[in-house]
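Let me begin by presenting the structure, written as structure tokens, before commenting on it.
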Amino acid sequence: MALEAIQTVTQAEAKSKADREAAAAQAKQRLAEAQREARQAVEQTRQRAQAEARQMMAQAEEKAAQLTQEELERARADCDTLKQIARGRLEKAAQLIVGRVVER
């Protein structure tokens, strides 16, 4: 019976060792899988952030182009107004010049 008890204890120890090794291997596998999933999540987040940044830059550039165009149109309108005012005064200026030249 003592021999059976020793064999039972030896078998239990071997089973316990095998279970510990299996648990350690499983833990390593789970850790590796979790690390892989974390790297994938980080990469996906980075890609989403880059896409979002590109979209925001495109929107900002579009808005800047629109504001630039609006400002150019305002400046063009101001120039046209100033040209019209200058043309209106051109006749009077010419008469003034002719009057001063004739008086001398």
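Side chains included, hydrogens not; waters and symmetry mates left out as well; all remaining heavy atoms used. Start at 1 with the first residue, then count along the sequence.
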For Lys28, check salt bridge (Lys or Arg N to Asp or Glu O under 4.0 Å) against everything at least two apart and list the hits.
->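 Lys28 satisfies salt bridge (Lys or Arg N to Asp or Glu O under 4.0 Å) with no residue once adjacent residues are dropped.
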
Sequence neighbours excluded, which residues qualify as salt bridge (Lys or Arg N to Asp or Glu O under 4.0 Å) partners of Asp80?
->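 Partners of Asp80 under the salt bridge (Lys or Arg N to Asp or Glu O under 4.0 Å) test: none.
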
Just jot down the side chain to side chain contact (heavy atoms under 4.5 Å, CB included) partners of [X], sequence neighbours excluded, or say none.
{"X": "Lys17", "value": "Arg20, Glu21"}
{"X": "Glu73", "value": "Gln69, Arg76"}
{"X": "Glu43", "value": "Arg46, Gln47"}
{"X": "Arg39", "value": "Gln35, Arg36"}

To the closest 0.5 Å, what do you measure between [atom1] ([X]) and [atom2] ([Y])?
{"X": "Thr8", "Y": "Glu13", "atom1": "OG1", "atom2": "CD", "value": "11.0 Å"}
{"X": "Leu96", "Y": "Glu91", "atom1": "CG", "atom2": "CD", "value": "11.0 Å"}
{"X": "Leu90", "Y": "Ile85", "atom1": "CG", "atom2": "CD1", "value": "13.5 Å"}

Donor-acceptor list for residues 57-65 side chains, cut-off 3.5 Å, not counting sequence neighbours:
none

State which residues pass side chain to side chain donor-acceptor pair (under 3.5 Å) with [X]; sequence neighbours excluded, sorted by chain then number.
{"X": "Glu71", "value": "Arg74"}
{"X": "Asp78", "value": "none"}
{"X": "Gln84", "value": "none"}
{"X": "Lys15", "value": "Asp19"}

Between Ser16 and Ala12, is there a donor-acceptor pair closer than 3.5 Å when you use the side chain of the first and the backbone of the second?
->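 No, Ser16 side chain to Ala12 backbone: no donor-acceptor pair under 3.5 Å.
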
